[in-house]
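Keep in mind that this is a model prediction, so the values were computed, not measured.
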Amino acid sequence: MNSPVLVRRLTGMQKGKDEHLQTQELSFGTGANNTIRFDPTWDRGVGTSHARIWCDERGAWWLKDTGSSTGTFINGQRITMQRQVGGSFVMELGQGGPKVEITLPGEMPRGAAAPGVRPGAARGASGGGMKWLALAACAALLGAGAWFFMKNGGNIGVTSIGPGEAPESGAAGEGNGPWTPQVDMGGQIFPSYLVAIATMNQAELPNARVPHRLGDPGGIMCVKVTSPADKAKIRVRVDANSVIKGGGIEVELPKKGETYRVYPKVDYLYEALLKVRQAIPLTLTMRVALDGVEESRALTVRLCSINDCPFVVRDDASPDGQGAALCSWMFAAYVNENHPYSEEIRKEALKSGTITAFDGYQSGEPGVVLNQVFSIWNVLQQRGVRYSNVTTTSGNNEDVMAQQVRFVDQTINSSQANCVDGSVIFASILRQIGIEPVLVLVPGHMFAGFYLKEGDPGSLAFLETTLMGKTDLSQIGSLKGLPPPVQSGVEAIRGKAMSDAQMSASAQSFIGALDAGMKQFVKHKPAIDKGQGMAGLVEIQDARKRGVMPIAYQP
């Protein structure tokens with residue numbers, strides 16, 4: 001007979017969620033078959049099959065780590081063998097990983113021990129931690145299904161980015177008075193986000209439709225206030241600082257006793273935001289006039305690097321109730337088709353002799369389009385650009401998932417690119433030469449795509465950019481799975497390249513990258529088609545139409 005079990009998530013992706021189950025067995029991990037599933041990137045340290053709890057024929061409950069590399073902990077102690085549990089206890093999956101409170105029916109029988117285990121023998125030393133290696137571009141957001149300016153079945157969907165209370169100082173931190181200053185996105189300011197949305201149509205932002213939110217729909221800083229009366233007037237001002245020119249708003253709070261968030265319209269110093277290359281503390285001062293009383297309060301927040309790209313934000317009030325907003329459209333802000341280095345790469349490609357002209361889609365021949373893409377690949381290889389799994393971000397908050405993204409010049413000058421960097425640089429150059437790119441997000445990874453025929457979804461080709469630095473690929477799969485235009489283009493490249501050893505190696509790696517990209521796409525196509533989690537396509541052209549502008553080059 002199944003028993004009532006309560007699992008409460010204390011930290012992690014779905015923090016605060018309660019799950020009431022009637023079961024005799026629970027499994028924990030990131031795999032799809034687990035009773036309690038975790039996000040593989042956000043809930044760092046959790047294994048595919050991490051831990052198991054079950055009830056035996058005597059009614060006793062047992063806990064066992066099912067071979068995780070990061071360990072399972074109870075009260076800070078790592079369990080090394082199966083252990084009897086009962087009542088209510090907190091389990092930590094991986095040291096520093098997500099914690100869940102588990103309440104089991106009944107009490108643990110006294111004196112019981114696991115078969116072949118002496119009482120107390122299951123105690124072990126705590127294990128080592130596991131650092132978060134994000135692409136993080138790209139986690140499998142379990143069940144979130146929230147799309148924000150991301151291509152999904154031909155439609156553009158939106159969801160809100162909810163407020164997160166920032167660490168506060170002074171009176172605000174003590175909660176004095178009827179209002180409190182706050183900053184969304186976990187109390188962090190992301191310059192990249194502010195630049196990206198600067199030219200977006202604010203009326204299209206879903207925050208305009210969020211109840212009890214007043215003021216700027218694109219705002220990220222607000223005051224949380226309880227109205228002292230019906231139609232109470234409130235004036236909010238933001239003082240100038242190193243990245244803010246100033247800002248303010250005056251609105252009415254509709255109903256007495258209701259709590260609202262009031263977002264002033266803020267004038268940012270965008271040139272200053274573009275120059276922030278490392279995280280620094282920033283003090284915000286907000287002044288509020290309410291009910292005849294004017295006060296000022298301050299809070300200190302983290303001003304992140306311009307290279308930090310927020311792409312998932314916790315939102316406990318999200319419309320779908322899943323507690324997260326997906327902002328993967330933000331990656332389009334790092335695609336800069338006007339970057340001067342893109343022009344430099346284009347000129348080098350022409351000099352290399354692999355192509356005589358860049359004409360985008362004018363020829364009408366997919367093979368010509370593919371050869372233009374190969375010429376860019378070849379130049380980047382000659383430049384020595386190699387894959388590097390550097391994903392460190394200056395953001396450090398469990399309410400926001402952010403990825404460090406290099407700009408085009410940083411990638412070229414450092415000769416390093418992670419999967420996001422490589423995809424971004426390709427998208428930047430392709431868009432400059434008139435070939436429309438896409439960014440393909442799958443769990444834990446990103447790769448690039450491009451259209452061989454303008455506006456034809458059936459002509460999409462894909463490129464595994466992490467293979468850019470590998471010029472000796474002995475295992476290249478069958479090209480039969482590639483679209484016919486790609487196959488014909490590949491044969492043309494092979495024919496031209498065989499006479500030159502260096503060009504032949506470059507062509508082989510390019511063909512291998514096409515093959516690997518297509519395999520990745522086919523593997524994740526069901527999730528991409530259904531818009532599950534974070535699997536999907538970020539259409540750069542669509543993002544531009546929505547007003548997501550590229551982050552400008554800073555010498």
Side-chain angles (χ1 to χ4, degrees), residues 41-42 132-139 141 146-150 161 164 184-186 188-198 200 218 220 270 273-279 302-315 324-337 339 388-411 414 416-428 437-448 465 534 536-540 543-544 546-554:
T41 301
W42 190 291
W132 181 17
L133 300 178
L135 154 104
C138 316
L141 183 61
W147 293 90
F148 194 11
F149 295 126
M150 176 183 265
I161 298 179
D184 293 352
M185 304 177 88
Q188 300 175 104
I189 294 178
F190 288 88
S192 59
Y193 177 80
L194 298 174
V195 171
I197 69 168
M200 289 173 62
I220 61 168
Y270 289 103
L273 289 172
L274 290 169
K275 294 178 180 178
V276 180
R277 294 303 175 99
Q278 60 183 6
R302 176 192 292 266
L303 179 63
C304 298
S305 165
I306 188 69
N307 291 100
D308 292 336
C309 175
F311 63 96
V312 183
V313 181
R314 185 185 302 283
D315 177 10
L326 186 63
C327 313
S328 46
W329 53 271
M330 270 296 304
F331 289 112
Y334 290 87
V335 176
N336 187 355
E337 53 268 41
H339 199 290
S388 171
N389 190 28
V390 176
T391 57
T392 305
T393 177
S394 64
N396 183 24
N397 188 289
E398 71 167 8
D399 289 331
V400 180
M401 192 181 294
Q403 162 76 26
Q404 183 191 73
V405 184
R406 295 182 180 95
F407 297 119
V408 173
D409 55 294
Q410 293 173 328
T411 296
S414 67
Q416 297 182 73
N418 60 33
C419 63
V420 179
D421 304 331
S423 300
V424 162
I425 192 172
F426 258 92
S428 298
V438 299
L439 302 177
V440 188
L441 288 89
V442 297
H445 189 49
M446 177 187 284
F447 54 98
T465 58
M534 284 191 59
L537 309 181
V538 179
E539 300 268 6
I540 306 305
R544 294 289 181 265
R546 290 283 179 169
V548 181
M549 65 184 300
I551 299 173
Y553 167 65
Q554 291 290 301

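We find the CZ-CG distance between F190 and D184 to be 11.5 Å, quoted to the nearest 0.5 Å. The OG1 atom of T411 sits 4.5 Å away from the CG atom of D421 when rounded to the nearest 0.5 Å. In this structure, the separation between CZ on F331 and OG on S423 is 10.0 Å, given to the nearest 0.5 Å. I220 CD1 to L194 CG: the interatomic distance, rounded to the nearest 0.5 Å, is 4.5 Å. To the nearest 0.5 Å, the span separating CG on N336 from OH on Y553 amounts to 10.5 Å. In this structure, the separation between OG on S305 and CD on Q278 is 8.0 Å, given to the nearest 0.5 Å.
For the pair I551/L274, a side-chain contact is recorded, criterion being any heavy-atom separation below 4.5 Å from C-beta on.
Across every non-hydrogen atom of M446 and C419, the tightest pair is O-CB, 3.3 Å. Taking every heavy atom of both residues into account, C309 and V405 meet most closely at CB-CG2, 3.9 Å. In terms of heavy-atom proximity, I306 sits nearest to Y334 at O-OH, 2.7 Å. In plain terms, the two heavy atoms of Q403 and N418 that are nearest each other are NE2-ND2, 3.4 Å. The minimum heavy-atom distance linking P191 with V276 is given by the pair CG-CB, 4.4 Å. Contact between F311 and A402 at its shortest, heavy atoms only, is CE2-C, 3.8 Å.
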Between S428 and F426, is the side-chain contact (heavy atoms from CB on, under 4.5 Å) condition met? List the steps. CA-CA 5 Å; S428 298; F426 258 92; over 6 Å; no

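Under the rule for a side-chain contact (heavy atoms from CB on, under 4.5 Å), the partners of A427 that lie at least two apart in sequence or sit in another chain are V335, P437, L439. The side-chain contact (heavy atoms from CB on, under 4.5 Å) check on Q410 picks up R277, N307, R406, F407, with sequence neighbours excluded. Applying the side-chain contact (heavy atoms from CB on, under 4.5 Å) criterion to A198, with sequence neighbours excluded, gives Y270, M549.
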